[in-house]
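Residue numbers start from 1 in every chain, and the chains themselves are labelled A, B, ... in the order their sequence lines are given, proteins ahead of strands.
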Amino acid sequence: MSEPVRVRFPPSPTGHLHVGGARTALFNWLFARHHRGVYVLRIEDTDGSRSTEEYTRSLIEALRWLGLEWDEGPPTPGYRQTERFEIYRAHAERLLAEGRAFRCRCTPETLEGLRKTAEARKETFRYPGTCRDAHVPASEPHALRLKIPREGETVVADVVRGRVVFSHAELDDWILVRTDGTPTYNFCVVVDDVTMKITHVIRGNDHLSNTPKQVLCYQALGYPLPVFAHIPMILAADKTRLSKRHGATSVLAFREMGILPEAMLNYLARLGWSHGDQEIFSREELIRHFDLEHVGAADAVFDLEKFKWVNHQWIKTLPAARVAADLVPFLARAGLPAPRDLDWLACVVETLKERARTFVEMAEQAAFYLRPPAAYDPAATAKFWKEGAPERYAILIKRLEAQEAMDPPGLEALYRFLAADLGLKLVDLAQLTRIAITGKTASPPIFDVVSILGKAETLARLKAAAAAVGAGR
RNA sequence: GGCCCCAUCGUCUAGAGGCCUAGGACACGGCCCUCUCAAGGCUGAAACACGGGUUCGAAUCCCGUUGGGGCCA
């Protein structure tokens with residue numbers, strides 16, 4: 001048996017969890033669960049100026065909503081970079097003592113000047129190695145740089161991209177610790193991954209370019225390399241990086257939109273990963289089938305239409321009671337009266353689940369169940385409130401008053417009999433009823449609706465409609 | 001700008017040299033079903049970026065071009 005799998009998701013609390021981050025978290029989580037390994041959550045909050053507690057809470061809330069629970073991480077101490085400065089310092093000192101790093105006194109201003117000069121000559125600026133062998137004393141202000149071999153190359157063995165070669169000539173003696181004593185991002189990541197014994201680094205492709213620098217750092221530290229897997233990025237429809245201007249991109253925003261966590265995981269998993277022709281995956285199926293070998297190399301465009309379709313599949317699949325429970329807050333937000341109870345709402349959901357792709361849509365469609373129509377659609381009344389309508393309403397009211405059971409088959413039989421009797425088509429009577437009850441010409445099957453609404457409410461709405469037709473509206 | 005990555009229908013993808021007359025899904029069109037709207041079924045249109053190789057044979061391998069993305073500042 002090989003060593004246990006340990007993966008991590010290291011978000012920076014500088015914003016809400018967006019779909020790209022969520023997918024990275026998901027792939028790591030799936031990989032860990034598939035291999036019965038450990039999934040670590042680490043908060044990369046070294047950028048003190050932009051990191052906030054609020055975003056940390058938001059990140060955690062989003063991950064919990066998705067059900068991507070971590071085996072190690074907050075609130076256990078030691079999983080936030082700000083709590084780990086001592087560890088970075090110790091590693092930096094060791095690198096210095098072993099001659100793998102050196103002190104550099106070049107100021108940012110000096111370097112900037114050099115960079116400008118190089119740019120003017122249309123050359124690429126690279127740290128010239130000024131202090132490499134200068135033995136700058138600790139008493140002077142200094143940054144700490146990693147000593148990179150001048151010759152040769154570093155090969156990053158990546159599971160999704162194969163061997164990626166970087167020439168050392170392209171690499172700088174990069175800064176480990178800044179003059180102000182703060183460790184840099186790349187250094188923290190390596191030290192964290194090494195001390196947390198991460199075996200597989202699964203992250204966005206935007207980190208591939210940083211990888212050779214990190215590999216050199218692992219080697220300088222004398223630690224074994226993890227397996228790297230750089231997964232494709234998620235782009236907007238215009239093939240640029242997803243950002244606020246492309247609309248909703250944060251996980252919590254999709255929750256507000258009425259997306260199910262099951263659908264979010266399902267859709268995100270299918271962005272860059274596939275399992276034959278299968279489109280719908282439960283959490284368990286994802287765990288069972290997920291593997292890095294089937295992760296593609298090309299970036300993927302986020303498509304809200306398909307995402308909503310996946311969500312719709314889940315709305316149709318999940319038990320109506322569960323959907324009803326999730327729908328409740330959206331009803332309130334739509335300004336609708338509270339439903340009488342959850343069982344009744346589950347019946348409502350049963351008639352709406354084929355028609356609504358999100359909870360926001362479903363709440364909108366559920367409106368007529370919770371209150372009578374405020375107005376009748378003019379196009380609908382123009383079409384159906386013609387000659388004979390008042391009489392037909394009168395007959396419907398009379399026959400419904402005499403009807404005892406409000407079951408859909410019984411109602412349908414009654415309507416069919418009535419239509420035949422009056423020499424009409426079923427659709428004529430059905431639409432008159434639909435308009436009276438919903439104010440529109442489109443709704444779930446009308447007999448189901450009547451059955452759910454009940455006799456009293458149905459008759460009240462029929463009478464209101466009859467009055468409106470009579471009033472010549 | 002330098003370096004790196006990527007490239008199959010509009011989009012997500014299957015495809016790991018002959019199984020490809022390139023399959024599935026979303027979206028789009030048509031038909032069916034039907035009390036409306038949906039859902040569902042059937043069906044249509046829709047892609048291997050381009051150019052060179054390698055090979056008996058290339059969407060699949062190699063090189064280049066173009067395009068997109070990323071990292072570094």
Quantified in whole Å, what is the [atom1] atom distance between nucleotide [N] and nucleotide [M]?
{"N": "B/C28", "M": "B/C71", "atom1": "C1'", "answer": "39 Å"}
{"N": "B/G29", "M": "B/G23", "atom1": "P", "answer": "22 Å"}
{"N": "B/G69", "M": "B/U11", "atom1": "P", "answer": "14 Å"}
{"N": "B/U66", "M": "B/C20", "atom1": "P", "answer": "36 Å"}
{"N": "B/U43", "M": "B/G68", "atom1": "P", "answer": "39 Å"}
{"N": "B/U65", "M": "B/G2", "atom1": "P", "answer": "12 Å"}
{"N": "B/A45", "M": "B/C6", "atom1": "C1'", "answer": "29 Å"}
{"N": "B/C33", "M": "B/G10", "atom1": "P", "answer": "33 Å"}

Both distances below 3.5 Å, Watson-Crick or wobble geometry, any strand: find the nucleotide opposite [N].
{"N": "B/A39", "answer": "none"}
{"N": "B/G44", "answer": "B/C28"}
{"N": "B/U60", "answer": "none"}
{"N": "B/G67", "answer": "B/C6"}
{"N": "B/A22", "answer": "none"}
{"N": "B/C72", "answer": "B/G1"}
{"N": "B/U55", "answer": "none"}

Please collect all salt bridge (charged side-chain N to carboxylate O under 4.0 Å, His left out) contacts where either partner lies in [range], sequence neighbours excluded, each pair once.
{"range": "residues 419-443 of chain A", "result": "none"}
{"range": "residues 345-365 of chain A", "result": "A/Glu305-A/Arg357, A/Glu350-A/Lys353, A/Arg357-A/Glu361"}
{"range": "residues 442-457 of chain A", "result": "A/Glu457-A/Arg461"}
{"range": "residues 147-162 of chain A", "result": "none"}

| query | Listed in order of residue number, which residues of residues 152-169 of chain A have a non-hydrogen atom at under 4.0 Å from RNA chain B? | reply | A/Arg161, A/Val164, A/Val165, A/Phe166
| task | For RNA chain B, find the residues of residues 258-269 of chain A with a heavy-atom distance under 4.0 Å and give them by number; none if there aren't any. | result | none
| query | How do A/Asn210 and A/Trp309 order along RNA chain B: which one's closest nucleotide is nearer the 5' end? | reply | A/Trp309
| query | Mapping A/Phe125 and A/Ala298 to their closest nucleotides on RNA chain B, which lands nearer the 5' end? | reply | A/Ala298
Check [Y] with [X], please: is the shortest side-chain N to carboxylate O separation under 4.0 Å?
{"X": "A/Arg288", "Y": "A/Glu284", "value": "no"}
{"X": "A/Arg270", "Y": "A/Glu279", "value": "yes"}
{"X": "A/Asp172", "Y": "A/Lys213", "value": "no"}

Within the structure shown, what part of the strands sits under 4.0 Å from [X] by heavy-atom distance: base, sugar-phosphate, or nothing?
{"X": "A/Thr240", "value": "sugar-phosphate"}
{"X": "A/Lys353", "value": "nothing"}
{"X": "A/Gly272", "value": "sugar-phosphate"}
{"X": "A/Glu305", "value": "sugar-phosphate"}
{"X": "A/Leu271", "value": "sugar-phosphate"}
{"X": "A/His230", "value": "nothing"}
{"X": "A/Ser443", "value": "base"}
{"X": "A/Pro444", "value": "base"}

| message | Using the side chain to side chain donor-acceptor pair (under 3.5 Å) criterion, which residues pair with A/Asp193? Sequence neighbours excluded. | response | A/Arg8, A/Arg42
Run the side-chain donor-acceptor check on residues 396-404 of chain A: report pairs under 3.5 Å with partners two or more places apart or on a different chain.
from	atom 1	to	atom 2	distance (Å)
A/Glu401	OE2	A/Lys463	NZ	3.1

| query | Between which nucleotides of RNA chain B, 5' to 3', does chain A make heavy-atom contacts below 4.0 Å? | reply | B/G2 to B/A73
| task | Check step by step if side-chain contact (heavy atoms from CB on, under 4.5 Å) holds for A/Phe228 and A/Val215. | result | CA-CA 10 Å; A/Phe228 290 103; A/Val215 165; 3.9 Å; yes
| task | Sort and list the pairs that fulfil side chain to side chain donor-acceptor pair (under 3.5 Å) and have at least one residue in residues 9-29 of chain A, not counting sequence neighbours. | result | A/His16-A/Ser58
| request: Could I get the full list of salt bridge (Lys or Arg N to Asp or Glu O under 4.0 Å) partners for A/Arg255, not counting sequence neighbours? | output: A/Glu61
| query | Taking the six-membered ring where the residue is Trp, are the ring centres of A/Phe307 and A/Phe254 under 6.0 Å apart? | reply | yes
| request: Only counting residues at least two apart or in another chain, list the ones meeting ring pair (Phe, Tyr, Trp, His ring centres under 6.0 Å) with A/Phe166. | output: none
